[in-house]
Structures are given as C-alpha cells and as structure tokens.
Amino acid sequence: MRPILTLGLYLATAGFVSAAPLKINGSTTVNLPVAEAAEILRAENKLDIQVDTQGGSGGGISMLGDGLVQMGMSSKPVSEDDRKKYPQCDFHETRIGEDAVALIVSKDVWESGVHELNKAQIKDLYGGKVTNWRDLGGVKSQRIVFFNKEPGRGTWEVFVHWLYGSPKLAPQVNFPEVGGNEETRNKVGSTRGAISQLSASWADGKTVFALAVSGDDGQPVEPTPNHIATHKYPMSRPLFVLTNGAPVGDAKTTVDFLLSPRGQKLVEKHGYLPLKALAK
Amino acid sequence: MTRALSWILSLTALASLVLLVGVFTWQSSVIWQRDGIAYVTGHSWFYRQQQFGAFSLLYGSIVVSSMALLLAGPLGLGAALFIAEYLPQKTRLVLKSLIELLAGIPSVVYGLLGILLLRGWVYETFERFEPLSGDTLLTAGILLAIMLLPTVVSLSEDALRAVPASQRRAARALGLTRAETIWSVCLPQARRGITSAFLLALGRSLGETVAIFLVVGRQDNNVPHSWLSPAPLLQAGQTLTSKLGGAETNIAYGDPLHWSAIMGLGLILLILTGAATLLGTVRRERNA
Amino acid sequence: MRKAKDLLLGTLLGACLLATLAIVGGLVFAIVHRGWPAISVSFFTEQIRLVGADGGIFWNLIGTGILLVTALLASAPCAVSLALLERVWLRSPQLRRLLRLALYTINGLPSIVFGIFGFIVFVQWCGWGKSWLAGGLVLAMSMLPTVTIVLLERIAAIPTRYVEAAAALGLNRTQIVWAVLMRQSWGGLISGSLLGLARAAGETAPIMFTATIFAGATFPRAVVESPVLTLSYHIFILAQDSFAPAVGTKLWGAALVLLGLVFSFTLAALPARLRQHEESNV
Amino acid sequence: MSEVPPILQIQKLEVRTHARLLLRNITLSIFEGEIFGLIGPSGAGKSTLLRSLNRLNDLLPGLYVKGDVLLRGQSVYARDTDVNSIRTRIGMLFQQPVIFPTTIRENVLFGAKRVLALGKVEQTVRVESALRESSLWDEVKDRLQQPASALSVGQQQRLCLARALAVQPEVLLMDEPTSALDPRSTAAIEELLLRLKTRHTIVIVTHNITQARRVTNSLAFVAIQDGAGEILEHGATKALLSAPKNPILADYLTHSS
C-alpha cells in the first residue's frame with residue numbers, strides 16, 4: 001500500500017517540490033548491485049533515484065557525457081576517445097568491485113570436451129576462421145554459434161581490448177547480437193554449439209559453462225574469484241560508477257553506500273568481487 | 001471562433017507531421033551527401049569503421065515482411081471468406097468483433113511469446129536444416145504472420161462485405177454453388193479490396209519493431225549468397241526497425257555521420273511504409 | 001463433382017478460420033494461463049523490487065496512465081478539428097480527399113518513427129530528457145489518425161436531413177457544427193479515442209527513447225527529466241533480459257494486465273462500433 | 001388441361017421467421033406453358049412466396065419453411081434434393097437488374113458456362129440464342145466484349161433475362177421485373193413475356209393490374225389474413241379480374257385501377 005500513500009503525497013505536493021531525481025544509466029552488469037542499492041536508498045534515505053540500462057556501458061558513458069544522467073554505470077574504464085568526445089564532462093570513476101569477462105559455452109560443447117581456449121584459438125574463433133568445435137578440441141563435430149555482445153556493452157569492449165588491444169583493431173565480423181546478461185545466458189544455454197562473452201559471475205555451471213583461457217604464457221586459467229582478484233585471469237575488469245567530477249549530493253550518498261559494507265555485500269551477492277577481495 | 005480554432009489545431013497537427021518527414025530528411029542528409037545511392041545498395045554496415053550500407057537491413061525487412069504476408073495472407077483470406085460467405089449475420093458480427101479485439105494485442109506481448117515459445121519451436125522443428133539458433137528471419141516472419149492475421153482477416157472481410165448481396169443472390173439463383181459464387185463473383189469483385197488489405201498489412205509489418213527485435217537475432221550484414229536457396233531464412237538477420245530500436249540509436253546521437261545513417265534508415269522506412277499504406281488506401285477507396 | 005468442390009472449399013475455408021482462431025486464441029490463453037498466478041492485490045499496489053523478481057507494477061500502471069491521459073488530452077482536440085476541417089470547413093473535394101489520404105497514410109506509419117522523432121525534438125532539442133510529456137505527445141501523434149478517422153466516419157454517418165433541417169432554420173455553419181454535428185458525433189469521438197488508447201497503451205517503440213525507464217521513476221513532478229515507468233517497456237526489458245523463474249510469473253502477469261487494459265479499451269468502444277456497423281449495412 | 005400434371009405444385013407451404021408467420025397454408029398448381037401472376041398489396045409475402053419456389057430463401061438465415069414444392073413431381077424441399085440443380089431448373093429475374101461487372105458475353109454465359117460445362121463453340125451459339133430470345137441480339141451483337149454496365153437499365157434487365165434463359169430453365173420466376181423500368185422498356189419486356197410464353201413457364205410477381213391482365217393466364221391474390229400472407233383467391237386471369245369473389249380482392253382491384 002505504501003506506493004499509494006506516496007502517490008497521494010506527491011499529488012499533494014506536486015508543483016511545490018522540484019528536487020531533481022538522481023538518474024543512473026549504463027551497464028547491465030553494474031546495474032544489479034546498483035539497482036538494489038537504489039531500492040534501499042529510496043526506502044531508507046528517501047532518495048529519488050532512477051536506474052536504467054539503455055545501451056549498456058557505452059550508453060551510460062554517452063548519456064553522462066551528454067548530461068542526460070547524473071551517474072553512469074560502466075564495466076570498463078572510460079577510454080581516451082570517450083573523454084575527447086565529451087570534453088565538457090570530467091569523467092570520475094569510482095570502482096565498486098571487480099568482474100571478469102568469461103567465454104561461456106553451452107552444455108553440449110562443454111561435454112564434448114572443450115574446457116579451455118588459448119588466445120590464438122579465440123582470435124580464429126572471433127575472426128570466423130574456425131567454424132567447428134572439432135577444430136578447437138571438441139570430440140563431436142558441431143558448428144560454432146557465436147553470439148556477440150552488441151555494441152556499447154562493456155563486456156564486448158573488455159573482450160576485444162584483451163584480444164586485439166582496441167575496438168578499432170577488431171576485425172569486422174557479423175554475428176547475431178545479444179544484449180543483456182540474462183539474454184546472453186539464455187540464448188547460449190538453449191542453443192547447441194553456442195559461445196558468447198559474459199560476465200563470469202553469470203556462468204552458472206548448469207546451463208552455461210565458463211572456459212579457461214590461456215594467456216601469453218600458455219597456462220589455462222579459469223575465471224575463479226581468486227584468479228580474478230589476482231589478475232591472473234586475463235579478462236578481469238573493474239566495475240565503475242561514473243560521475244561528472246567527484247560525486248556530490250545524492251550521487252555521493254549512493255557512492256558511499258555502494259562502498260560501505262552493506263553495499264559491498266550487494267556486489268558480492270550478485271557474484272562480483274568486492275573491493276576487499278581485491279586488496280588481498 | 002470555432003472555425004479559427006479548428007484551423008489552428010488542424011494546422012498544428014499537420015505541421016508536426018510535416019516536421020516529422022522534414023526532420024528525417026534533413027538529419028539524414030549527411031549520409032546521402034557522402035554515399036548517395038550507395039548508402040542504400042551498400043552491403044556492409046560497420047559503424048566503427050564508418051561504413052554504412054543499408055542493403056542488408058532492407059533485405060531483412062522485406063524478407064521478413066513478405067514471409068509474414070505469404071503465411072498470413074492465404075490463411076487470413078480463407079478465414080475472412082468463411083466469415084463473410086458462410087456464417088449468418090449474428091455469428092459474423094461476434095467473430096468480427098473478436099478478431100478486431102485480437103488485432104489489438106500489443107506487439108511487445110507477441111514479442112514475449114515469440115522469445116519464450118516460438119524461438120525454441122523453430123529451433124527444434126527445423127533442426128534438420130541446421131539453423132544456428134532459434135533467432136532467425138523465419139522466426140520473425142512467423143511471429144509477424146501471427147500478428148498480422150487478425151488485421152488481414154478484418155480488412156479482407158470488409159472488402160468482401162463491400163460486394164453487394166444482390167450479386168451473390170443473382171449467381172445463386174442461376175444455380176451456381178457457393179464455391180462457384182465465391183470464385184466467380186466475390187473474389188473477382190473484392191480483388192481490389194483484398195489487395196488493399198494486403199498492402200495495408202504489408203505497411204504494418206514493415207514498421208513492426210519490438211516483436212521482431214526480440215526474435216530476429218540482430219545480425220548485421222546478412223545478405224544471402226544465393227537468392228534461390230531457402231537456407232538464409234534460417235539465419236539471424238537484421239531489419240530496418242530492429243536496427244532503429246536497438247543499441248546503436250543511443251550510441252549514434254552525437255556522431256553526425258553515424259546519426260545521419262540511422263536517420264536515413266528511418267527515412268527509408270517512412271518511404272516504404274508510406275508507399276504501401278498510400279497505395280492500399282487508394283485501392284480501398286476505389287473498391288468502396 | 002461440382003458438389004464435391006463446393007464441399008471441399010467450404011471445409012478448407014472453415015479450417016482457415018478455425019486455425020486463425022486457434023492460433024491467436026491459443027496465444028491469449030497462454031498469457032492468461034501463465035500470468036494468472038501473478039495477479040493479486042499487492043501486484044497492483046506495490047512497486048517493482050529486485051529487478052522485477054518481486055513486488056508489483058504499481059508505478060508502471062500509473063506511468064502508463066499518465067502517458068495515456070496526456071496523449072488523449074493532446075489528440076482529442078486535434079482530432080475534432082481535423083474532422084471538422086474535412087467535413088465542414090474545406091470546400092474543395094480534392095483538398096478533402098488529400099486530407100483523408102494523408103490521415104490514412106499517417107495511420108500506417110510505424111510507431112518507431114514517431115519515437116525517434118520525439119527523441120530528437122523533445123528529448124534533445126527541447127532538452128526535456130526522457131519525459132512523460134514527450135512520451136504523451138509522441139503517443140498523441142501516433143494515435144491521432146485513428147481517432148480522427150473513426151470520428152470522421154461517425155460524422156459522415158449523420159443523415160444529411162438533420163443538417164438540411166438545421167440549415168433551413170437559418171443556422172450558420174458554426175451553429176450547425178455545435179448543434180448537429182458535434183452533438184451527434186460524441187460517440188464517435190469516444191469510441192475513436194478508446195481505439196486510439198488501446199493502440200497507444202500497447203506501444204513500446206515510441207516511448208522507449210522518449211519517456212520510459214526500467215526502474216525508479218515514480219510520479220513526475222516536472223516536465224524536464226521526468227520519465228515514468230510503463231507496462232509495455234517493463235515487459236520489453238524483462239522479455240529480453242530476464243528469464244529468472246521468479247521474474248517469469250511476474251512478467252506474464254504484467255503481460256496479462258497489459259492485455260486486459262488493451263482489451264477493455266477495445267471492448268468499451270465496441271457497442272458504438274457495432275451500432276454503426278448495423279447502420280451502414282442497412 | 002387438368003389431365004396434364006402441373007409443372008409446379010405448391011403444397012401447404014408455410015414460411016415463418018422466429019417471431020412471426022409470414023405465409024400460411026399456400027397451395028397452388030402452376031401448369032406448363034402458362035404465365036402465372038401473383039398480385040396483392042405490398043408486404044403480403046409475394047416475393048417471399050416466389051423465393052420459396054427456388055429455395056432462394058435459404059440464403060436468408062432465420063426463415064423456416066414447412067410444406068413442400070414439387071417441380072415435375074420432384075420434391076424441392078426434400079433433404080436429398082440438390083438445391084443448386086433446382087435453382088438451375090428454375091431461373092429468376094429480380095426487381096433491379098443485377099449485372100456482373102464483366103462483358104455482355106460473359107454475363108450471358110455466367111451461369112451456363114459453369115452449370116452446363118459448355119464447350120467453346122456451344123458457348124457462342126448459346127450467347128446468340130439467349131440474346132435473340134430476349135430480343136437483345138440486334139442491339140448488342142457488335143459489342144459483346146464491352147462491359148455490360150454500359151447498357152441502359154431496360155437493356156440490362158433483358159440481359160439478365162438472357163442470362164437466365166441461357167441455362168435453359170424449365171420455369172422462370174420474375175419479381176416485379178419492370179418496376180425499375182420506364183414505360184417503353186416495360187412495354188418491351190411485356191412483349192417479350194408474351195413471346196416467351198410459348199416455350200416457358202413463368203411465375204411473375206406484379207403490382208400492376210394492367211400488366212397482369214395483359215400478360216398472365218392465371219392469377220393468385222396474396223393478402224394478409226390474421227397476420228400472415230394467404231392466397232385468398234386464384235384462377236384464370238379473366239374470370240378473376242372481371243368477377244372477383246373475395247371482397248378484399250374486389251376492394252384491392254377498385255383501388256389499384
């Protein structure tokens with residue numbers, strides 16, 4: 001019933017109160033803890049917070065740059081290009097946790113014996129040079145179905161940064177696109193021979209499985225919390241909330257909450273590494 | 001007073017619609033100036049490399065819509081014929097109302113059904129043709145066909161109703177069977193109305209966004225190598241609308257060239273749907 | 001032989017109708033079947049929690065309502081004006097036909113185009129950001145032709161003898177408009193608006209760039225930067241991005257509520273339309 | 001005459017809607033080669049009676065028929081009767097000419113082509129004979145491929161007649177066939193009727209007593225009695241018109257002339 005009372009209150013005060021809401025937009029990965037934090041802040045601190053995930057990290061950065069939102073969520077650092085594109089915005093990154101981009105495969109691929117890939121194999125895969133799992137160590141012959149994260153998603157950027165050094169150097173490819181994390185997990189899980197990039201915490205080990213990745217030294221590394229924390233796993237990435245300049249006002253309240261033990265618990269709850277795990 | 005006010009409001013409404021066309025034309029001018037017709041015929045769309053070729057999107061839109069029409073057209077026309085020619089007035093009105101009700105099911109609901117039910121069905125049913133996944137042009141086509149069905153039935157039934165009852169009576173009085181009457185009287189005389197119904201449905205299907213967005217797979221640059229093989233239908237693709245409704249629209253604003261390429265898609269879509277609807281409306285006028 | 005063909009065609013066409021009803025009716029059933037368990041009082045009175053997995057759709061309903069009321073208020077006067085323009089003020093048959101063709105054509109334009117138009121004009125140029133007013137105006141544009149066309153048909157169905165009788169009494173055109181045309185076409189405006197609202201309530205494409213966000217919006221207290229939550233966008237986002245079992249039922253529940261909303265608008269418009277159907281059949 | 005069995009025998013025919021009785025206890029015999037007229041005030045059910053003869057009323061839902069009609073002794077209303085073949089054997093002409101939007105030739109052949117499965121040559125022969133029978137041949141022989149809608153209303157009605165004749169029906173039903181026509185076209189049709197009489201049996205509904213006197217051999221007077229249409233009197237035209245026995249008929253005749 002509370003929302004109805006709130007509505008009554010709003011109607012009564014409409015026109016008098018004009019406090020601007022705190023608007024947040026960006027990465028679906030970062031969204032999970034932030035949205036839940038926002039629910040708590042709305043209830044406890046009476047903050048007016050709106051959270052949206054349009055366009056993923058890229059959307060968060062561009063909307064903060066355009067001044068359309070007061071806080072961005074990003075699962076990748078703000079690039080020099082972005083800073084140049086929005087000179088009026090002083091992007092301020094606050095790290096709230098750490099995640100890794102895993103390559104996840106469907107059950108049949110996992111059971112066919114593909115548990116790890118090295119960088120060269122992944123390049124062949126993304127470049128479309130190999131099209132059958134047999135060529136990547138699979139027992140069964142099965143076509144590869146690559147679901148690519150859509151443009152603007154932090155996951156995709158982290159992936160190509162590691163593989164090619166920069167999004168600009170990535171080859172031109174045509175794969176079916178996927179957006180949010182849950183969509184990715186569902187599509188990979190329900191499609192034979194599927195692979196995609198996904199936040200490691202979403203790899204449940206039941207419908208989708210995270211592959212171990214070997215870096216330049218050739219040692220396969222699984223995206224376990226330990227490996228992510230120590231950066232042994234190559235595609236680990238920080239999770240940021242972004243503000244224009246250092247956070248103030250409601251934004252500061254939110255950031256402080258996210259960095260507090262309760263906020264960090266939310267980060268952990270959604271499968272990401274809290275900051276204290278990184279310090280170790 | 002009344003007169004002046006209604007002129008002002010009308011002109012405001014019309015002006016905003018002229019503005020709409022104007023905005024799309026003007027905002028897309030950059031890409032037309034850069035690429036000209038190559039923008040429409042170009043096969044590659046890689047926005048990071050600043051390549052904007054809309055052909056595969058056009059292809060996706062047209063393939064999905066024609067598939068939808070091919071499926072929904074005959075079935076819907078058949079249902080309309082049964083309602084108009086076989087059922088008594090009362091049943092007819094009830095069914096017609098029901099069908100019009102169903103025509104209002106929001107497209108996002110169809111999208112939900114598509115993503116949760118139809119994707120898997122297509123993936124399993126067409127397994128021996130080896131689709132890469134359940135998100136295919138065919139999935140979008142089937143989903144769109146289901147969406148169009150009520151519209152096709154309702155509009156075709158209108159067209160058949162426009163054939164005077166006296167014509168049917170005269171044919172039956174000669175001893176023609178119901179089937180013969182349908183073939184020789186109803187269908188030929190409602191031909192304009194029926195094609196008009198199909199054109200209006202085509203316009204609607206070309207512009208449908210969210211339902212297609214959810215099941216088409218959103219794969220850029222998918223143009224088939226062979227036009228004769230049905231295999232490309234079982235691949236993911238991208239339509240004008242799924243591109244417009246997707247992530248790129250948000251990313252593009254602020255980059256003049258990219259944005260203008262997006263707006264160009266909007267202009268193409270406006271022209272296609274506008275043409276189909278206008279043609280359909282003119283035919284319908286003549287039919288009545 | 002002729003008889004066999006007759007029978008065959010009848011069976012075939014009957015099968016077409018049955019298939020059509022089965023397919024579309026089956027879909028409605030699927031939604032009702034899956035969504036019903038989610039329906040409860042708290043589903044309507046609580047706000048979303050846990051990214052759709054818990055809570056209800058209170059603010060989504062309020063937001064949808066705000067957009068619809070705005071769209072209605074913006075489109076109804078324009079629809080009346082346009083209908084009068086076509087029926088009364090314009091004297092040239094060519095111009096009237098042009099106006100009619102324009103209305104029908106606009107009626108067929110895709111709603112995503114209106115959405116992007118609203119994004120440029122209201123969100124960017126006017127600097128409103130995502131705003132309920134932007135969404136309401138965009139929806140008004142997309143439903144305007146529907147309302148106008150139904151109203152036009154209604155006015156056209158008014159027997160000319162009423163107009164002639166009024167004119168014979170010496171009433172001028174404005175007086176005839178108020179005394180005869182408007183009084184007799186109220187039903188048309190209402191049923192047209194209901195049909196327009198049915199269409200607008202289910203729209204996603206026009207509002208996703210202009211008016212609605214996924215979570216956190218409540219009652220807008222200004223125009224600028226004041227988005228709302230809506231049912232359709234809620235379903236759109238969750239359909240893509242959440243298959244968690246807890247979200248599932250809530251999601252189908254939201255779809256069921258949206259369907260119920262759209263159907264009740266259409267059904268409310270039905271009696272008036274049936275009456276007109278019968279009149280035009282005589 | 002009475003030794004020859006009637007071509008059409010209406011037996012205790014009753015037509016009703018859900019709510020109301022339209023026709024009560026109609027019994028009539030119509031003989032080969034005669035023109036049988038149905039007269040009576042509007043709304044008495046003459047058209048309904050006429051349409052019961054070829055079961056055209058079947059097309060209107062909500063009409064129930066009891067009793068039977070025999071065409072050369074064969075039941076029209078029996079369950080196993082092929083309605084379409086009955087309608088082929090009993091042709092019909094309506095108040096307003098109903099022209100199909102196609103050429104004159106195709107209009108004439110509209111039924112014949114499909115019902116009789118005529119070959120190419122036969123079709124051409126049939127077009128000419130039907131048009132000659134309906135006295136239209138000389139007027140349209142040079143423009144058979146032109147749209148029928150270009151004809152005058154009177155010509156259109158004769159075209160409809162040609163179309164009905166082309167399937168070679170045994171009986172022709174006419175529902176006030178001249179009510180939409182001007183006096184000259186009416187005269188042409190009436191002349192035609194008299195000529196057709198030698199080879200066809202015709203049942204005609206008319207409002208026009210003069211017309212009835214001129215063209216029919218026998219007449220039946222249909223009027224409302226106790227809320228439903230009944231045949232109040234029938235017999236040879238001359239006798240019936242000159243010496244009506246039924247007072248209602250007498251009254252009707254004085255007021256219509």
Side-chain angles (χ1 to χ4, degrees), chain A residues 25-26 28 52-63 65-69 81-82 85-86 88 106 131 142-153 156-157 160 166-180 182-183 186-196, chain B residues 43-51 53 56-57 60 111 115-124 127 129-137 139-140 213-224 234-238 242-243 245-256 258-259 262:
Chain A
N25 184 54
T28 48
D52 200 5
T53 58
Q54 224 173 52
S57 298
I61 291 170
S62 65
M63 285 173 85
D66 281 327
L68 294 174
V69 296
D81 282 351
D82 288 327
K85 196 167 160 192
Y86 302 102
Q88 73 278 18
S106 53
T131 52
Q142 168 69 45
R143 279 194 304 171
I144 297 171
V145 183
F146 198 111
F147 289 104
N148 202 7
K149 275 274 193 175
E150 69 187 8
R153 297 284 177 179
W156 183 85
E157 305 246 342
V160 292
S166 136
K168 286 241 167 78
L169 298 175
Q172 302 179 343
V173 294
N174 299 306
F175 293 119
E177 282 174 3
V178 286
E182 193 58 71
E183 183 185 13
N186 179 57
K187 286 194 176 175
V188 170
S190 65
T191 307
R192 288 179 289 277
I195 178 169
S196 182
Chain B
H43 282 220
S44 22
W45 181 288
F46 295 104
Y47 79 93
R48 285 192 188 81
Q49 281 74 21
Q50 305 251 300
Q51 291 178 24
S56 66
L57 306 172
I115 207 167
L116 291 171
L117 303 175
L118 192 61
R119 275 186 70 233
W121 183 80
V122 168
Y123 188 49
E124 299 306 329
E127 199 183 342
F129 300 104
E130 301 183 337
L132 281 176
S133 75
D135 301 298
T136 65
L137 291 170
T139 318
F213 180 89
L214 291 173
V215 298
V216 79
R218 285 169 279 151
Q219 176 174 359
D220 276 337
N221 303 315
N222 191 1
V223 180
L234 282 166
Q235 289 174 8
Q238 182 92 273
S242 71
K243 189 63 137 185
E248 268 194 59
T249 303
N250 269 313
I251 297 171
Y253 197 80
D255 174 347
H258 191 190
W259 179 248
I262 292 285

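- Side chains of Ser133(B) and Phe147(A) form a contact here, defined as non-hydrogen atoms less than 4.5 Å apart.
- Counting only heavy atoms from C-beta outward, the side chains of Gln172(A) and Arg48(B) never approach each other to under 4.5 Å.
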>> Using the rule given for side-chain contact (heavy atoms from CB on, under 4.5 Å), can you reason through Asn186(A) versus Arg119(B), listing the C-alpha separation, both sets of side-chain angles and the distance that settles it, and then say yes or no?
In response: CA-CA 11 Å; Asn186(A) 179 57; Arg119(B) 275 186 70 233; 3.5 Å; yes
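- Contact annotation: the side chain of Tyr253(B) never approaches that of Leu68(A) to less than 4.5 Å [non-hydrogen atoms, C-beta and beyond].
- For a residue to count as touching a neighbouring chain, one of its non-hydrogen atoms must lie under 4.5 Å from one of that chain's; by this rule Gln235(B) does not touch chain A.
- When each of Gly179(A), Ser190(A), Gly56(A) is checked for heavy-atom pairs under 4.5 Å with chain B, Ser190(A) comes out on top.
- Heavy atoms of Asn250(B) lying under 4.5 Å from chain A belong to its backbone as well as its side chain.
- Across all non-hydrogen atoms, the minimal contact from Leu132(B) to Val145(A) is O-CG2, 3.2 Å.
- Only the side chain of Glu150(A) comes within contact range of chain B, with heavy atoms under 4.5 Å apart.
- At a threshold of 4.5 Å between non-hydrogen side-chain atoms, the residues Asn148(A) and Arg218(B) do not count as touching.
- The contact between Lys85(A) and chain B is made entirely by side chain atoms (from C-beta outward), counting heavy-atom distances below 4.5 Å.
- Contacts between Ala194(A) and chain B at a heavy-atom distance below 4.5 Å are absent for every atom of the residue.
- Looking at Ile144(A), the atoms closer than 4.5 Å to chain B (heavy atoms on both sides) all sit in the backbone: N, CA, C or O.
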> How far apart are the C-alpha atoms of Phe46(B) and Asn174(A), what are their side-chain angles, what is the distance that settles it, and do they pass the side-chain contact (heavy atoms from CB on, under 4.5 Å) test?
Replying inline: CA-CA 9 Å; Phe46(B) 295 104; Asn174(A) 299 306; 3.8 Å; yes
> Are Glu177(A) and Asp220(B) close enough, and set up right, to give a side-chain contact (heavy atoms from CB on, under 4.5 Å), and what steps lead you there?
Replying inline: CA-CA 8 Å; Glu177(A) 282 174 3; Asp220(B) 276 337; 4.0 Å; yes
